K.L.:
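For reference, the structure I am asking about is given below.
Bear in mind the structure is a predicted one, so any value in this text is a computation, not a measurement.
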Amino acid sequence: MRNLYIVLFLLFSHTLLSQSNGSIAGELTDKEMNNEPLAFANVLIKGTTKGTTSDFDGLYEISNVAPGTYTIVFTFLGYETLEIPNVIVEAGKATKVDAALGAGSVSLDEVVITTTVSKESEAALLLDQKKAVQIKESIGAEALTKKGIDDAAAAVAQISGISKQQGSSDVYVRGLGDRYQNTTMNGLSLPSNDVNKKNINLDLFSSNIIENIAVSKAYTSLFYGDFAAGNVNIDSKEYTGNGYVDISLGSGLNSNAAGTDFVTSEGTSFFGFYNRYDNDPFAVILSHGVDPDQAPDPLNISGSIEGGYSVNLGDESRLSFFGMASFSNGYQFLEGPALDFTNDIKVRFPLVNEYTYSTTTTAMGNIVYRINSDHKLKFTSLFINSGRDAVGYYGIGGNGFNRDGFSNNGDGGFFQLNVQFNQDMIFVNQLNGEHTFDEDWKLDWGIGFNKVFSDEPDRKRISLEDYQFALDDDPSTNPIFYDNIAFDNQRFFQSIEDDELNSYINLSRKVSEKVTLNFGYNGRRKERRFNNWRYGYLIADKNANPVTDVNNLNDFFDVSNIDIPAGSGLWDLFIVRNPRNVDIGLVNRPQVYENTYKGNLDIHGVYANAELNLSDKWLLIPGFRVESYQQRIGYDVINPVPTDPGFRNAYENIYLPSLNVRYALNEDANLRFSFSKTASFPEFKEAANFVYEGVVQRVGGNPDLLGKPDGTGPIYSEIFNYDLKYEWFPSRGELVSVAAFAKAINDPVNRVVATDATGNQRFFRTGEQAKVYGVEVEIRKNLISDEDDNAILSFGANAAYTHTEQDLKTVSTADGFTFGTSFADRTSEELEGASPIILNADLNFSPEFENYKPSASLAFSYFSDRIYAIGSGNLGNMVEKAVPTMNFIWRNAFGEHFEANLSVQNILNPNITLVRENTGVEDNNPLVRGFVRDGDVILREFKRGINAGLTLKYKF
């Protein structure tokens, strides 16, 4: 059909030719992509300005060419420059010239290799989206550069139906949160760097290592069955071309942090590393104090170096290298109130000052060996170190309140110092292969091993009463230590270690032009080991030993003041567990651990699907997957529930059908439909019976998500997905799409706030079913283009509306559950983490002058209120309030080597607010005055500040 179309195209062109001129026409194909059509390549008659570009189907025509002999030049960004000489044009005739472009050498005189490959091009990705067998959307390196996008999280936020809050790592697909999505790199699973999350923080993936990012919102059998909102896949950057080196340096300021006397944790490095892991926590406590350190001026810096090189080993064989390393940091100063409210005021801090210092160190390298046009191997190694240091002063105004306080002086002046550092080190190693046999058989495979170290070493939390006396300049009045329990003043250590082995293999057989079959396997084996240690300070006599200097607590907690022998010191260290089988008491002793758990996840899936081209318009992809799911978690925690056996073991074989349909309305528009059955599995942190205690929040897991102690009950959520989408590609780089979607989630999981004295948040299967439906709209439009159809001024916008509703039920310990919850008279609620409205828009201006190529981008995003945790009993939900975000990027390329780029992020600087709704608390109550707004109690509120920075880049 393609050859017939070309012939008809040429015949039609021939009838339009004048008697004096001819034309040149033909087809361009992509050698790097199995000779698929190569769209948007440039075709030029050498020595003239006459030329054109290939269309979506790789077809081109240069009309009205005077008779003669010419050299035709074919170019495409990242590919060879191919010159074909001696092309003869005759009057009244069309000359057919077909060509195939690739990134390797060819047997022609001139070959020019540039630095970017086709999968980075925005236009090429739209072509890929148009031809894809499933519903997906992508953004490539070209768009990342144009829009000034620095990381993967900001990149996916440009895609319709996806939101990402500035300064937060959470990404929401179609309004659904972390537990309903997956993240992969090069088709292989990526680990989570955070015990509280299922997915890796996409902020950690700098744009330097990204070739493109694809978000698949409709399921196919190739994906793991744990799929609901979507799958985010990052293709790591490859390089094919001449050697190059890029070096960039940048600096900037945060508007809140600038000018502050910044402080950081003692014992952590400027580059985000902690160097005491080889020491036992007990030894660390005895040798190091609690006070934070004075930090240098809060100036953000960043730097990176990247380079690549290719070696041609033969006519078709090539070895390519790419590597990069980068470092960036950021200072923030957060100021605002914080409240611990369950069914009553527990703790109130009208003013909190928190100094946060974050770092990201990234290194990635890959080697690509293209054996020939049919065989390719790729090895990728990635290392990421992410550090976050936070020093929080809670209640600095002297008017903090603790419901359980002892002081008789007014509100008690309750105050807490919280000093903590979190470090996540991630190692990812992958080997991928692509092979073609006899043009009809294709084999793709990959194997990866992930290692994660996630640590919170030496969190220090000190609690004081009568803090107002530290502000009165009266040396005779001073604060005292608050010590309701031993752990009100504490040192806390936490260690998480994850290992994951994962792989996939897909065998594709092209039976005919109309039928292609796919068979495959993918699986993963993951293990998590968790431990924490906690030591409490037992204050010998707080009234006899007041705090005379709140900025110098080290003198008090110096090891010389330990109460040995008894009665001779100021404090003891208290633990809740002895080393096993050793009766040496609970005071001034090292401990084996406070809480521990071990989780194992084994998933093995086999699948088959068929790509059925029923006609030029209809493509059907039925698929079926069988997945073996097993998850086990065992835990040993303090204060266990007596009826809890301390472990759960869940196993089931799951059968997952899917159907994807694409109907080509015409050459530029598709109508798509998708149906699938998928699943959602609990995460370790959701199922482990461990409670993490923040300053004003406590979040714990619930082993009942993997079944009740007696082995009954659901162990996963069953999901039915429906999608319908219309997409139109009016011209190069442009898109208009409208999508509708619906989901039914059986036995959904939500975070719930308890109404008891603890106020712990835990995860429950809160109802029988949740229903989700919504609509997405997206447009990308080139407002002004140059003569080569490159966008000078372009606009993009997308919007999504998602409605969620689930029934609520009582979960009772009388029915055999470990933990219980109820919702009073409420019978339905929205899903936790779901934003009803998501908006994204961007405006890009990219003019081009002779030696100056500026690009300016203005991006806006918005998400509406979403539930953070469902309120139990008669109390309302914890809700994250709506946040608008605006960023401006101005890139300036001078010649071929130098760039100077300016960025201004979080321009609107909105309030980040968490509230508790419908509490019934009046704002005239002195305990919550200033915390109540529109009937809701403010639990936490602050501004992140505006970040402005300048980056200089030079390319060798």
Side-chain angles (χ1 to χ4, degrees), residues 195 264-269 273-293 387 389-391 416-423 425 453-463 481-497 529-540 542 545 552-598 635-639 690-694:
V195 64
T264 57
S265 297
E266 181 270 339
T268 58
S269 74
F273 290 87
Y274 181 79
N275 298 313
R276 298 175 186 159
Y277 289 123
D278 292 337
N279 298 291
D280 184 89
F282 186 69
V284 172
I285 294 171
L286 296 181
S287 57
H288 294 278
V290 300
D291 291 328
D293 283 344
D389 188 286
V391 177
Q416 282 194 314
L417 169 68
N418 189 75
V419 182
Q420 71 181 72
F421 172 72
N422 293 83
Q423 182 182 1
M425 288 193 292
F453 297 97
S454 183
D455 296 283
E456 185 175 305
D458 199 9
R459 184 187 73 197
K460 305 138 186 172
R461 186 172 298 162
I462 304 300
S463 304
F481 287 103
Y482 173 77
D483 60 349
N484 187 33
I485 60 173
F487 296 114
D488 287 322
N489 299 280
Q490 62 171 266
R491 305 283 281 269
F492 177 90
F493 300 77
Q494 178 175 290
S495 173
I496 302 167
E497 187 174 347
R529 297 174 294 279
F530 169 93
N531 291 283
N532 89 273
W533 303 261
R534 186 169 57 155
Y535 292 82
Y537 286 107
L538 292 172
I539 309 300
K542 64 181 180 181
N545 297 283
N552 181 12
L553 298 172
N554 284 349
D555 283 353
F556 182 87
F557 291 109
D558 187 83
V559 67
S560 63
N561 291 324
I562 196 167
D563 195 25
I564 299 177
S568 64
L570 302 179
W571 51 268
D572 289 303
L573 284 177
F574 176 75
I575 58 176
V576 295
R577 291 183 189 271
N578 279 326
R580 290 188 179 93
N581 301 319
V582 179
D583 186 13
I584 57 175
L586 298 174
V587 178
N588 300 327
R589 297 290 186 267
Q591 62 176 330
V592 59
Y593 57 79
E594 182 188 33
N595 299 282
T596 185
Y597 71 79
K598 179 181 176 182
Y635 44 89
D636 183 8
V637 298
I638 61 172
N639 302 318
F690 166 73
V691 177
Y692 180 87
E693 297 183 2

K.L.:
Would you compute the distance between atom CZ of F492 and atom CH2 of W533 and round it to the nearest 0.5 angstrom?
P.N.:
9.5 Å
K.L.:
Could you tell me whether the side chain of E266 and the main chain of H288 form a donor-acceptor pair under 3.5 Å?
P.N.:
no
K.L.:
Working to the nearest 0.5 Å, report the span between CD1 of I575 and CD1 of I638.
P.N.:
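Here the interatomic distance stands at 12.0 Å.
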K.L.:
Compare all side-chain heavy atoms of F453 with those of I496 and state whether any distance is below 4.5 angstrom.
P.N.:
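Sidechains of I496 and F453: no contact.
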K.L.:
At what distance, to the nearest 0.5 angstrom, does CZ of R534 lie from CG of N595?
P.N.:
7.5 Å
K.L.:
Measuring from S495:OG to E456:CD, what's the distance to the nearest 0.5 Å?
P.N.:
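The OG atom of S495 sits 11.0 Å away from the CD atom of E456.
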K.L.:
In terms of the angle between their ring planes, are F493 and Y535 parallel, tilted or perpendicular, with boundaries placed at 30° and 60°?
P.N.:
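Perpendicular.
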K.L.:
In Å, rounded to the nearest 0.5 Å, how long is the span from CD1 of I285 to CG of L573?
P.N.:
5.5 Å
K.L.:
Show your reasoning for whether side-chain contact (heavy atoms from CB on, under 4.5 Å) applies to Y277 and Q423.
P.N.:
CA-CA 11 Å; Y277 289 123; Q423 182 182 1; 2.9 Å; yes
K.L.:
Quick one: are R491 and V290 in side-chain contact, heavy atoms under 4.5 Å?
P.N.:
yes
K.L.:
Could you pull out the closest heavy-atom pair between G569 and A540, with the gap in Å?
P.N.:
O-CB, 3.8 Å
K.L.:
Can you tell me if S463 and N489 form a side-chain donor-acceptor pair at under 3.5 Å?
P.N.:
no
K.L.:
Taking the six-membered ring for Trp and the full ring for Phe, Tyr or His, determine whether the centres of F481 and Y537 are under 6.0 Å apart.
P.N.:
no
K.L.:
Does any N or O in the side chain of D488 come within less than 3.5 Å of the main-chain N or O of I485, such that one atom is a donor and the other an acceptor?
P.N.:
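Yes; judged by distance alone, with no hydrogens or angles, the pair exists.
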K.L.:
Measure from the side-chain N and O atoms of D558 to the backbone N and O of S560, and report whether any donor-acceptor pair falls under 3.5 Å.
P.N.:
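Side chain of D558 to backbone of S560, a donor-acceptor pair under 3.5 Å: yes, one is there.
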K.L.:
Determine yes or no for a side-chain-to-main-chain donor-acceptor pair under 3.5 angstrom, with R577 supplying the side chain and E594 the backbone.
P.N.:
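A pair under 3.5 Å: yes.
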K.L.:
Please name the pair of heavy atoms, one in F574 and one in A486, separated by the smallest distance, quoted to 0.1 Å.
P.N.:
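The answer is CD2-CB, 3.7 Å.
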K.L.:
What are the two closest heavy atoms between P292 and V419, and how far apart are they?
P.N.:
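Looks like CD-CG2, 4.4 Å.
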K.L.:
Tell me yes or no: between the side chains of D389 and T264, is some donor less than 3.5 Å from an acceptor?
P.N.:
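T264 and D389 do not have a side-chain donor-acceptor pair below 3.5 Å.
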K.L.:
CD1 of I562 to CG of L538: how many Å apart, nearest 0.5 Å?
P.N.:
10.5 Å
K.L.:
Sub-3.5 Å donor-acceptor pair from the side chain of N532 to the main-chain atoms of Q494, do we have one?
P.N.:
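It does not hold such a pair.
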K.L.:
Does Y593 have R529 sitting over its ring (NZ/CZ under 6.0 Å from centre, angle to axis within 45°)?
P.N.:
no
K.L.:
Where the side chain of T596 meets the backbone of F530, is there a donor-acceptor pair that is under 3.5 Å apart?
P.N.:
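Answer holds: yes.
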K.L.:
Taking atom types as modelled, is there a side-chain donor on Q420 or R461 under 3.5 Å from an acceptor on the other?
P.N.:
no
K.L.:
Indicate yes or no for a side-chain donor-acceptor contact from D563 to the backbone of L570 under 3.5 Å, with no hydrogens or angles considered.
P.N.:
no
K.L.:
Output yes when a side-chain donor or acceptor of R589 lies under 3.5 Å from a complementary backbone atom of I584, and no otherwise.
P.N.:
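Looks like yes, one N/O pair under 3.5 Å.
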K.L.:
If you take all heavy atoms of G267 and Y274, which pair is closest and at what distance?
P.N.:
O-CD1, 3.5 Å
K.L.:
Please give me the minimum heavy-atom distance between L553 and D291, naming the atom from each residue.
P.N.:
N-OD2, 2.9 Å
K.L.:
Considering all heavy atoms of both residues, which atom of V559 and which atom of W571 are nearest to each other, and what is their separation?
P.N.:
CA-CZ2, 4.1 Å
